[in-house]
Every structure is written in C-alpha cells, then in structure tokens.
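To start, the structure itself, in structure tokens.
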Amino acid sequence: MATNTITRQFLHHPTTLKPSVLVPKLSCSASYCNSTLYSARPRSFSATPLLCSVSDNTPPQSSASIVGDILDYLNESWTQFHATAEAKRQLIAAGFHLLNENDEWDLKPGGCYFFTRNMSCLVAFAVGEKYKVGNGFHVIAAHTDSPCLKLKPKSASSKAGYLMVNVQTYGAGLWHTWFDRDLTVAGRVILRSGNGSFLQKLVKVKKPLLRIPTLAIHLDRTVNKDGFKPNLETHLIPLLASKLEETSLESKDKNSTSSKDAHHPLLMKVLSDELSCDIGDIVDIELNVCDTQGSCLGGGNDEFIFSGRLDNLASSYCALRALIDSSKSGSDLSNEHAIRMVALFDNEEVGSGSVQGAGAPTMFQAIRRISSGLTDSYAGEGTFERAIRQSFLGMAYFFL
C-alpha cells in the first residue's frame with residue numbers, strides 16, 4: 001500500500017524527527033473520516049473522467065474530487081517540466097501572483113506568490129497577515145523529477161534496418177519494467193522565432209512512438225533460470241521505426257540542421273507536427289521517454305492509484321494542494337504569523353546538485369528576499385538568521 005510520510009526538519013538543525021513525533025495518531029472509523037473530514041471542504045468533481053471505471057459505491061464528493069484531481073495532475077505531469085507547468089497553472093487559477101527572480105518583488109502581508117526556475121523548479125508561498133520580519137517559514141519540500149530514460153544529445157542510431165533512439169538512464173530506476181511498454185517522448189524544445197530569439201515550448205507526443213522489445217523466449221531459453229539482466233547500454237535502446245520510413249522522409253525534406261543530424265529526421269518531423277513549426281526551427285531538445293499508459297484507479301474497491309512517477313509527484317501534489325487550500329480565502333491567512341511555503345525541486349534523483357535542485361540556495365535566497373521585502377522600517381539586526389531559527393522544513397516522501 002502506498003503511504004505518504006512527512007519528515008520535519010528545523011532549518012537550523014540537522015536532526016530529522018520521526019513522523020510519529022509530528023503527527024498525532026488518529027483513531028476513527030472509515031465512515032467518520034469520509035463524512036466528517038472530507039465534508040469540511042465541499043468540492044465539485046474533477047471535469048476529467050477517471051481512466052478506470054469506478055463502482056456505484058463512490059466516496060463523498062469532496063473525496064472523489066481530490067482523487068480525480070491527483071489523477072489529473074499525474075496524467076499532466078509526464079516530465080519535470082510538465083509537472084511545474086501544471087503547478088503553475090493551478091497556482092495562477094488560485095490567485096497566486098507570478099514573480100520573476102530578475103525583478104524587484106513587491107510583497108505584502110496576506111499575499112500569495114510563486115516563482116519558477118528552469119521551468120522545472122517552483123517555490124510558492126503565502127504571507128500571513130500578522131507576519132512580522134523575523135518570524136519563521138513553514139516549508140514543505142518535494143521534487144518534480146522521477147527516474148526515467150532521457151534522450152542522449154545525439155540520439156540517432158540504427159541497427160539491422162531499424163531506427164533506434166539512444167537513451168541514458170536518469171536516477172535509480174527499475175529498468176526491466178521499461179521493456180515491452182508503449183512508450184513515447186515528452187519534454188522541452190528550444191525553437192528559433194522569427195525575430196532571431198529563442199523560445200522554450202513543452203511537447204508531449206501522446207501516441208505510442210517507441211518500444212524496447214525483449215527477445216522471444218526461444219531466443220533466450222535460460223532467462224527464467226538465470227534472470228533477466230539487460231545491458232543498459234546495448235539492450236535498453238528504444239525502437240522508433242524501420243529505416244524505410246527515414247528514407248521516405250529524407251526524400252521529401254532536403255534541409256539539414258544540426259538538430260536533425262543529431263536526431264532522426266523522423267523524430268524531428270513528429271516533434272514539428274506536435275509544435276506546428278518547421279523542422280528547421282527546432283534548435284535543441286530535452287526529452288524524456290514516457291509511458292503512454294495513464295494513471296488510474298484500481299483494486300477491488302478502487303482503493304489504489306496505479307501510476308508511474310508517484311515518487312515524488314504524489315508528494316508534490318499534496319504539498320501544492322495543501323498550500324492552495326489553506327490560502328484560498330482572506331480569513332485563511334488573517335491569524336497567520338508565519339509564511340507558508342512549498343518548494344518543488346528538480347534533479348533530486350541524481351543528487352540535487354543543479355541550479356534548480358535542492359542543493360542550490362534557491363529556497364534560502366527566497367527566504368532572504370522575502371524577509372527583506374516585507375521590511376517596512378528598521379527591523380533590527382539579523383532578520384534572516386532569526387527567521388531561519390524559527391522555521392522548519394517538512395520533506396515529503398512516498399513509499400510503496
């Protein structure tokens with residue numbers, strides 16, 4: 001069974017507390033939880049239908065809406081870029097104001113704000129109306145990336161008359177589960193605009209485009225005895241098309257670009273069709289290999305969420321939803337003395353050492369700017385340091 005765990009850590013102290021210390025144990029029946037806890041905030045059902053059928057014994061409306069919304073979030077968030085874009089959309093819809101790290105911030109008590117970095121990292125916060133400079137920050141942190149396969153900078157290769165796509169592993173994934181699945185690509189594309197500048201656009205090819213096949217059993221008789229041990233460099237290479245398709249495409253398009261040299265023209269044609277642009281406008285790509293199978297409910301009582309990328313998108317959604325739900329009305333922040341913050345980082349699966357990762361000073365830079373931006377007059381010495389001393393960080397993990 002999947003469970004969410006919040007680990008609380010004071011920003012000024014490295015000790016991590018056990019979840020049982022932070023969250024009191026609740027003893028209530030399922031009917032009480034459904035009728036009492038969920039009915040506190042009535043919600044409409046999600047507009048997008050669930051991908052799996054549900055029985056007539058559906059939970060209360062608010063509970064079904066939360067489940068439908070997290071399924072929508074998972075189905076939108078194929079990559080770290082799409083997860084951040086969906087979080088951005090939800091925050092704007094909830095009345096949060098988008099900030100730019102390059103601009104001066106005009107912050108006010110009771111306001112809700114957020115900013116993004118690299119299109120894959122997001123920090124959102126709500127300022128309590130009774131906040132005073134030096135008060136603490138209450139932070140929940142999660143990450144937008146998940147283990148996956150990524151296209152190499154030069155992905156074009158061929159073997160035995162077939163077009164192959166060179167990929168590299170990202171994070172610590174269960175790579176044998178990627179075989180024999182309906183795969184595709186999604187991510188970020190850099191385009192050249194008409195005035196000579198560059199644009200960043202997200203792309204998601206929804207149809208099955210790639211496949212990593214396994215050998216038929218009569219070509220690998222000992223696999224059940226010896227185990228399936230694929231070579232990640234030679235066996236984990238998705239199949240794109242037969243070489244005949246590439247020859248046909250090249251006869252129609254004689255224009256060659258650096259991106260087209262690094263990647264199959266057929267792949268570039270698929271991307272250009274999705275983006276409604278010319279192949280020559282594509283300057284560079286940053287793509288993940290994704291499973292086309294959607295997230296859905298499963299189990300005899302529809303009690304399970306069947307989905308990839310639950311680590312850590314489930315925690316990202318819960319943190320985002322908690323901030324939005326606790327800041328949506330004026331009274332929600334009227335008695336708040338602290339600042340509520342959510343930080344969704346990228347590159348956690350590979351060490352968090354990038355400028356958009358948790359190892360970067362993104363969150364502390366934001367805390368410093370917020371503390372100084374909300375200072376109306378002289379607030380005394382060490383406002384940032386005092387704020388850190390009164391803050392705590394909750395790190396959300398998802399276990400199966």
Side-chain angles (χ1 to χ4, degrees), residues 69-92 98 101 114-124 139-153 155 167-175 178 183-191 199-206 210 271 274-275 284-295 307-321 323 341-363 366 395-398:
D69 288 345
I70 192 172
L71 289 175
D72 291 342
Y73 182 76
L74 291 168
N75 284 319
E76 286 294 330
S77 305
W78 282 15
T79 71
Q80 68 276 27
F81 304 115
H82 290 85
T84 303
E86 175 60 17
K88 175 181 176 181
R89 185 195 67 79
Q90 292 189 23
L91 288 168
I92 292 176
L98 176 61
E101 288 190 277
F114 76 99
F115 67 88
T116 65
R117 179 178 290 190
N118 187 51
M119 298 176 68
S120 62
C121 167
L122 180 145
V123 175
V139 189
I140 299 178
H143 58 92
T144 59
D145 61 319
S146 302
C148 66
L149 302 176
K150 290 180 176 286
L151 269 65
K152 290 184 176 180
S155 69
V167 296
Q168 55 191 346
T169 58
Y170 175 86
L174 298 173
W175 305 121
W178 288 76
L183 305 175
T184 187
V185 294
R188 175 170 62 178
V189 177
I190 310 298
L191 299 177
L199 301 175
Q200 302 182 67
K201 286 192 175 182
L202 300 187
V203 65
K204 180 191 294 184
V205 181
K206 295 184 179 181
L210 305 172
L271 295 176
E274 287 288 332
L275 296 169
D284 204 355
I285 60 177
E286 185 176 353
L287 300 179
N288 297 358
V289 176
C290 305
D291 190 353
T292 58
Q293 182 175 347
S295 305
S307 175
R309 307 177 304 281
L310 287 175
D311 177 14
N312 189 244
L313 291 182
S315 299
S316 296
Y317 172 81
C318 291
L320 184 70
R321 181 69 175 260
L323 180 63
M341 177 180 284
V342 166
L344 307 181
F345 295 108
D346 190 9
N347 299 134
E348 189 276 343
E349 300 290 348
V350 290
S352 301
S354 64
V355 69
Q356 60 270 11
T362 309
M363 187 170 62
M395 296 173 290
Y397 299 96
F398 196 84

Quick one: does any side-chain atom of [X] pair with a main-chain N or O of [Y] as donor and acceptor, under 3.5 Å?
X	Y	result
S354	G357	yes
N312	H143	yes
T79	H82	yes
D291	Q293	yes

Please find the pair of heavy atoms, one from [X] and one from [Y], that lie closest to each other, and give the distance.
X	Y	result
G308	L74	O-CD2, 4.4 Å
F345	A141	CE1-CB, 4.3 Å
I140	A319	CG2-CB, 3.6 Å

Set of residues satisfying side-chain hydrogen bond (donor to acceptor under 3.5 Å, both in side chains) with respect to Y73, sequence neighbours excluded:
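In terms of side-chain hydrogen bond (donor to acceptor under 3.5 Å, both in side chains), with neighbours along the sequence ignored, Y73 is linked to no residue.
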Can you find a side-chain donor-acceptor pair between [X] and [Y] that sits under 3.5 Å?
X	Y	answer
Y170	D145	yes
N347	Q80	no
T362	R117	yes

Working for side chain to side chain contact (heavy atoms under 4.5 Å, CB included), residues L183 and W178
CA-CA 8 Å; L183 305 175; W178 288 76; 4.0 Å; yes
Using side-chain heavy atoms (C-beta onward) and a distance below 4.5 Å, is [X] in contact with [Y]?
X	Y	answer
I285	V185	no
L98	F114	yes
V167	L210	no
V189	E274	no
L149	T169	yes

Output, in order, the C-alpha distance, side-chain angles, deciding distance and verdict of side chain to side chain contact (heavy atoms under 4.5 Å, CB included) for D311 and E349.
CA-CA 10 Å; D311 177 14; E349 300 290 348; 3.7 Å; yes
Just jot down the ring-ring contact (aromatic ring centres under 6.0 Å, His included) partners of F81, sequence neighbours excluded, or say none.
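If we apply the ring-ring contact (aromatic ring centres under 6.0 Å, His included) test to F81, skipping adjacent residues, there are no hits.
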Among N118, N288, D284, find the residue that satisfies the side-chain hydrogen bond (donor to acceptor under 3.5 Å, both in side chains) test when tested with R188.
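Among N118, N288, D284, the one meeting side-chain hydrogen bond (donor to acceptor under 3.5 Å, both in side chains) with R188 is N118.
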Would L271 and L287 satisfy side chain to side chain contact (heavy atoms under 4.5 Å, CB included), going step by step from the backbone distance to the final call?
CA-CA 11 Å; L271 295 176; L287 300 179; 3.9 Å; yes
Please assess K206 against T184 for the test side chain to side chain contact (heavy atoms under 4.5 Å, CB included), listing each intermediate value before the final yes or no.
CA-CA 7 Å; K206 295 184 179 181; T184 187; over 6 Å; no
If I take atom CE from residue M119 and atom CD from residue Q356, how far apart are they, to the nearest 0.5 angstrom?
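CD of Q356 is found 12.0 Å from CE of M119.
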Give a yes or no on whether K150 atom NZ has more than 12 heavy-atom contacts from other residues, nucleotides or ligands under 6.0 Å away.
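Yes, enclosed.
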K204: salt bridge (charged side-chain N to carboxylate O under 4.0 Å, His left out) partners, not counting sequence neighbours:
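Here the qualifying residues are E76.
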